[in-house]
Amino acid sequence: MRKSRRAVLPGLGLSLGFSVFYLSLIVLIPLAALVAKSFSLSLADFWAVIASPRAIASYQLTFGASLLAATVNLVFGLLVAWVLVRYQFPGKKVLDALVDLPFALPTAVAGIALTAIYAPNGWIGQHLAALGIKSAYSPLGVTIALIFIGLPFVVRTVQPVLADIEKEIEEAAASLGASRIQTFRRILFPALLPSMLTGFALAFARAVGEYGSVVFISGNMPMKTEITPLLIMTRLEQFDYAGAAALGTVMLLLSFLLLLLINALQHWSNHQAGAKA
């Protein structure tokens, strides 16, 4: 007679109840309060806040820079993960630890450091200025800050998956006459794609809500380098809580739709990889 295996955690009902309660307390209730606060505005006032030229300019910069930064991190994060997994070299542990530095470093400190480096008289900024490139106090500076805080997400999601791929698979492909590009495109890339999309989504989500590291290097010029989180803070400082909630609701909706699209792509890539296996 087979004995039923005793679950370590409580039954489904109790576990699900605690999960829903915790999720509601930490995530759902605050988000519902945000949306409810925006409903205190009339439809005309709500539209005037979220569709003002200043707000639209901030959306374009926030989401545009976030998408660009996440894309850059997707490419170079994969390269960093590849180096950390596939090669042995002096200082590897130090480089591996440096990847996590944006996690531990206060964002305001990161913003001050990036501003000092990329300012027109900074170590890097002065050379870019000589080439006619304005890094700090420009959309480029915002993108640089978002790249800095988003890199670890891509590296840490791709790195373990890459480590699980055995080198013998690549050697077998090479012995069958496959080039390096063919090996990467047909063997490595399908296996890495779900983790790459996950890292991209995490880096993008982190960039959309970033404030501390951007507020210094952006210059905070309305219609030019003002991000939406800063615009929300401006309305809060003016005690316009309903207007800040309206902008937050738009950010919430747009972020949710973009993340839903990324998750759908990730699910599709997982399905495609399973079909080929």
Side-chain angles (χ1 to χ4, degrees), residues 58-85 94-118 124-125 128 135-162 189 192-220 225-233 248 251-252 254-266 269:
S58 71
Y59 302 150
Q60 292 174 343
L61 177 60
T62 300
F63 287 97
S66 298
L67 285 172
L68 179 59
T71 303
V72 172
N73 280 328
L74 183 63
V75 176
F76 289 96
L78 174 61
L79 178 62
V80 173
W82 182 277
V83 170
L84 291 175
V85 171
V94 176
L95 179 61
D96 193 28
L98 287 176
V99 171
D100 293 326
L101 188 60
F103 284 150
L105 192 66
T107 55
V109 176
I112 294 173
L114 290 173
T115 304
I117 294 173
Y118 287 97
I124 300 177
L128 294 176
S135 50
Y137 317 124
S138 68
L140 176 59
V142 175
T143 305
I144 292 172
L146 298 182
I147 291 173
F148 174 81
I149 57 98
L151 177 64
F153 292 97
V154 178
V155 175
R156 293 312 183 203
T157 52
V158 173
Q159 189 175 0
V161 178
L162 184 60
F189 183 74
L192 293 174
L193 183 58
S195 62
M196 290 171 61
L197 290 176
T198 300
F200 178 87
L202 292 174
F204 169 76
R206 179 71 175 84
V208 166
E210 179 60 19
Y211 175 79
S213 63
V214 178
V215 69
F216 294 102
I217 198 172
S218 66
N220 308 322
T225 62
E226 184 180 49
I227 58 173
T228 307
L230 177 62
L231 184 57
I232 293 174
M233 287 297 300
M251 290 283 289
L252 174 64
L254 293 176
S255 300
F256 178 77
L257 291 176
L258 288 172
L259 290 176
L260 187 64
L261 176 61
I262 295 172
N263 287 331
L265 290 174
Q266 182 183 5
S269 65

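Only a predicted model underlies this, so the values are computations on that prediction, with no experimental measurement involved. Quick note: numbers below take in every heavy atom, side chains included, and nothing from hydrogens, waters or symmetry partners.
Residues P152 and V99 approach most closely at CG-O, 3.0 Å, considering heavy atoms. Counting all heavy atoms, side chain and backbone alike, L259 lies closest to A201 at CD2-O, 3.8 Å. Here the closest heavy-atom approach between residue L98 and residue P102 is recorded as O-CD, 3.8 Å. Taking each heavy atom of V142 and A65 in turn, the nearest pair found is CG1-CB, 4.0 Å. Nearest heavy atoms, P229 versus V208: CG-O, 3.7 Å. Closest non-hydrogen pair, L74 versus V154, comes out as CA-CG1, 4.0 Å.
Atoms OG1 and CD1, on T228 and I232 in that order, are 6.5 Å from each other to the nearest 0.5 Å. Summarising the geometry, atom CG belonging to N73 is positioned 11.0 Å from atom OG belonging to S66; distances are rounded to the nearest 0.5 Å. A distance of 13.5 Å separates CD1 of I144 from CD1 of I149, quoted to the nearest 0.5 Å. Interatomic distance, CG of L146 versus CD1 of I227, reported as 7.5 Å (0.5 Å rounding). The distance from atom CZ of F148 to atom CD1 of I117, rounded to the nearest 0.5 Å, is 8.5 Å. Here OH of Y211 is found 8.0 Å from CZ of F216. Values are rounded to the nearest 0.5 Å.
Note: F204 and F63 have tilted aromatic rings, judged against thresholds of 30 and 60 degrees for the angle between ring planes.
Pairs of residues two or more places apart, or lying in two chains, that qualify as salt bridge (charged side-chain N to carboxylate O under 4.0 Å, His left out) and include a residue from residues 204-218 are R206-E210.
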Practice item. Given side-chain contact (heavy atoms from CB on, under 4.5 Å), test L67 with F200 step by step and report yes or no. Key: CA-CA 9 Å; L67 285 172; F200 178 87; 4.2 Å; yes
Check your understanding: Do Q159 and D96 pass the side-chain contact (heavy atoms from CB on, under 4.5 Å) test, and can you show the C-alpha distance, the side-chain angles, and the key distance before you say yes or no?
Key -> CA-CA 11 Å; Q159 189 175 0; D96 193 28; 3.8 Å; yes
Point to revise | Test log, rule side-chain contact (heavy atoms from CB on, under 4.5 Å), inputs F153 and T198 | key: CA-CA 9 Å; F153 292 97; T198 300; over 6 Å; no
Exercise for review: Walk me through it: do T62 and M251 pass the test side-chain contact (heavy atoms from CB on, under 4.5 Å)?
Suggested key: CA-CA 10 Å; T62 300; M251 290 283 289; 4.0 Å; yes
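The backbone N or O of T107 lies less than 3.5 Å from no partner atom in the side chain of S213, so there is not a single donor-acceptor pair.
Residues D100 and R156 have side chains in contact (heavy-atom distance under 4.5 Å, counting atoms from C-beta outward). Contact check for L61 versus E226: no side-chain heavy atoms found under the 4.5 Å cut-off. Residues L162 and W82 are in side-chain contact: their nearest non-hydrogen atoms beyond the backbone lie under 4.5 Å apart. The side-chain heavy atoms of Y118 and L128, taken from C-beta on, include a pair separated by under 4.5 Å.
Of the N and O atoms on the side chains of S218 and T225, not one donor lies less than 3.5 Å from an acceptor on the other residue.
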